[in-house]
Each structure stands twice: as C-alpha cells, then as structure tokens.
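The block underneath contains the structure these notes are about, expressed in structure tokens.
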Amino acid sequence: MVVVTGREPDSRRPDGAMSSSDAEDDFLEPATPTATQAGHALPLLPQEFPEVVPLNIGGAHFTTRLSTLRRYEDTMLAAMFSGRHYIPTDAEGRYFIDRDGTHFGDVLNFLRSGDLPPRERVRAVYKEAQYYAIGPLLEQLENMQPLKGEKVRQAFLGLMPYYKVMGAVFTPIDHLERIVEIARLRAVQRKARFAKLKVCVFKEEMPITPYECPLLNSLRFERSESDGQLFEHHCEVDVSFGPWEAVADVYDLLHCLVTDLSAQGLTVDHQCIGVCDKHLINHYYCKRPIYEFKITWWAGMHISAAPFEDSLNRVGKMSRPSLVFEM
C-alpha cells in the first residue's frame, strides 16, 4: 500500500537549520492571478488609468479627464476610478459601466463645470446622481423644481393616514393602492374599459350642522369619550382619506390623488356627487363630501363619423337600381 500525503519531504539539514533556498521558498508570495489565468477572476493589482478616460456607459460613448471623475472623493465614480477596483473594457478599450447612459452627459457636465440639467430632465438626472452617489449634485437638484415642490407635497402626504409615501412599499392598507385594486377588479368583472368607485375626502373630523353651533364648539374641545363614539362612523364609500391637520385642503389632496394615479399610467376623472347624510346625534349629520372617481384602463379610439357616412353613400349608390325608359 502506498500512502500519499500532502506534505513535501523535509529537505532541511539534520541539524535543524534551513538552507538559503528553503528560506526563500518560505517567503515566496503567491502569484497574482490575472483575468485570463483565473477565468472570471478579477486582477488584484491596482488598475492604472490614463489622464483622458474613454467611457462606454451602456453603449453610449463619452470621453473625459480622470480628474473630472475624481472631483468629489465620496462618490461612486471616484471610487471606481481610484485604482482600487477593476473596471472591464470593451473591444475598443473604453472602460465599461453597465448603466443606461442617456443622462450620463448631464452628470459629466456637473462634474466638469457645475452645470445643472433643464427642468424636464431633473427627475431622471436625480436618479443617476443617486446611483453614482454624487452628494453635491443631489443637493442642488433637490432645490430645483419639480423636486423642491415634491418635497413639500410629500410633507403634506406624510400627515395622511395610510396614504402611499414616495419610496415606501405598498401594504394592504395603503389607500392609494386600494383605489387601483378596486378599480381593476371591477373593470375585470364587468369587462369594461373603466371602473367607478366612491371616495370620501374630509379634512375635519367633526361633523357639520347648520344648527347649535355652540354645542358643536363645546363638543370639539370638551368632548367625552362616550360622545366621541357617537360621532365615529364609516361612510358608505370604497376608500376614505382624512382627517388631517394642515393648511392644505380637500382640493389639494384630490390633486395629489390624481397626480399619483396618473403617474401609474391611468386616466383619472373625478367629480363631487354629494355628501354623506348619515344622522349621528341631535341635529348633527356627517356631511363629508363624496367623490366619484372614474379610472380608465386604456384609451379609447376616436372614430370620425364622416368616413363611415361616405362609405354608406358609396354602397348606396352601387346598390341603387338604374331605371331605363324606352320611348
């Protein structure tokens, strides 16, 4: 039987001292693998970049100085081109980043000279600035419209119970998603292009009444728990929004609803169809406004009646019998 072990025979001298060749072998560093030697492994040596860097960003070609990419230290681009990370090159030797390059030119213009994109590209460039972690660009874009106004709008929506907040994951109680889901189910069940649902939007928690205003004021500030239960109810609607404490009114929230639903590719129409007339106590009624939302899932095709009428006239002339009179 032959036993093979993983250790090499001990070539040391009998006195226990190592030869010079043995010492050199013990301190030999392992060879650094290259991309070809290690298959898909990346080089471990620092990567050097030229002063003028050719770039391939998802198929879009750019050329810039290395100092431009390293302008801000705490950015992804500065880290990528610091030499500590390996960046692959395409067939033409351009450094390749697997990212859509449509708006990378705006990012480069900011790094070069601080130029900001026009308003219509602010949102798209903001996403690129987030990806490349360019803090100074993010700060300046957040002070431009429409992002500046969106921050104010989100501050208002943050007061709204169960409203979908930007960037949050939908949960079963998010009312904005409930509108979409109810409209989808009704459209599928009825096999219709659109669906309608009732939405209650109210700012004040207290009911409204034309009578007994002093009683209303007293109940607003000195209402007991039992009195409060008398006023708690749910309107017969699909979704309710409110109450909230802010200067923004019902029409502001309706605008937010239409804006966010339209952002999902839906066509939205709404109109007030009345108020909730539920009787609560004494002369107090609910009086919360109720709106009908119409959600259209695809655009209809407008067909002009003129070509249809022309075709009917032609068919009529062709089928009309000819009369021949003989004298």
Side-chain angles (χ1 to χ4, degrees), residues 32-151 153-154 164-170 259-267 298-299:
T32 302
T34 62
T36 54
Q37 292 173 342
H40 296 289
L42 301 180
L44 301 180
L45 292 176
Q47 189 174 14
E48 296 183 0
F49 299 98
E51 182 62 27
V52 178
V53 181
L55 299 171
N56 181 346
I57 314 297
H61 295 170
F62 301 90
T63 303
T64 188
R65 294 174 63 91
L66 181 62
S67 58
T68 300
L69 298 173
R70 296 175 176 177
R71 181 172 299 277
Y72 298 103
E73 294 181 358
D74 298 331
T75 64
M76 179 178 174
L77 287 174
M80 293 174 66
F81 290 91
S82 64
R84 300 189 305 269
H85 307 280
Y86 175 76
I87 303 179
T89 57
D90 61 11
E92 299 178 356
R94 295 179 175 272
Y95 295 97
F96 179 76
I97 299 178
D98 194 9
R99 177 79 176 175
D100 186 6
T102 303
H103 301 287
F104 188 77
D106 292 312
V107 174
L108 273 185
N109 288 335
F110 176 79
L111 295 177
R112 287 166 176 159
S113 55
D115 293 344
L116 296 174
R119 179 176 177 178
E120 60 270 14
R121 296 205 299 267
V122 166
R123 290 184 185 274
V125 177
Y126 186 81
K127 292 181 179 180
E128 298 306 302
Q130 286 180 315
Y131 177 78
Y132 294 109
I134 306 176
L137 178 55
L138 290 172
E139 293 177 2
Q140 295 202 37
L141 291 177
E142 288 174 355
N143 290 322
M144 294 179 60
Q145 290 286 33
L147 294 182
K148 190 173 184 179
E150 183 63 23
K151 290 175 64 176
R153 193 177 79 96
Q154 291 298 325
K164 188 268 297 183
V165 180
M166 178 182 293
V169 179
F170 281 134
T259 299
D260 291 333
L261 291 172
S262 300
Q264 300 187 34
L266 303 174
T267 302
W298 74 86

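In what follows, every heavy atom counts, from backbone to side chain, and hydrogens, waters and symmetry copies are set aside.
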Is it true that, when you exclude [X] itself, more than 12 heavy atoms of the residues, nucleotides or ligands shown sit nearer than 6.0 Å to its [atom1]?
X	atom1	value
D74	CG	no
E51	CD	yes
D98	CG	no
R112	CZ	yes

[Y] and [X], any side-chain heavy atoms less than 4.5 Å apart:
X	Y	value
Y132	Y72	no
L77	I97	yes
F96	N56	yes
L116	V125	no
Q145	V122	no
L141	P117	yes
H85	Q47	no

Nearest 0.5 Å please: distance from the [atom1] atom of [X] over to the [atom2] atom of [Y].
X	Y	atom1	atom2	answer
L147	Q154	CG	CD	11.0 Å
H103	I57	NE2	CD1	14.0 Å
Q130	L137	CD	CG	10.0 Å
N109	T64	CG	OG1	9.5 Å

What pair of heavy atoms forms the shortest contact from [X] to [Y], and how long is it?
X	Y	result
S82	A79	OG-O, 2.7 Å
E142	Y126	OE2-OH, 2.7 Å
T75	I134	CG2-CA, 3.9 Å
A133	M76	CB-N, 4.2 Å
E128	D100	OE1-O, 3.9 Å
R70	A78	CA-CB, 4.0 Å

(request) Determine the sole option in L69, D90, T63 for which the side chain to side chain contact (heavy atoms under 4.5 Å, CB included) test with L55 is passed. (result)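 Checked L69, D90, T63 against L55; only one passes side chain to side chain contact (heavy atoms under 4.5 Å, CB included): L69.
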(message) Angle between ring planes, Y95 versus F81, binned at 30° and 60°: parallel, tilted or perpendicular?
(response)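 It falls in the perpendicular class, over 60°.
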(request) Mark yes or no for whether R71, through its side chain, and L111, through its backbone, hold a donor-acceptor pair below 3.5 Å. (result)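 Judged by distance alone, yes, a pair lies under 3.5 Å.
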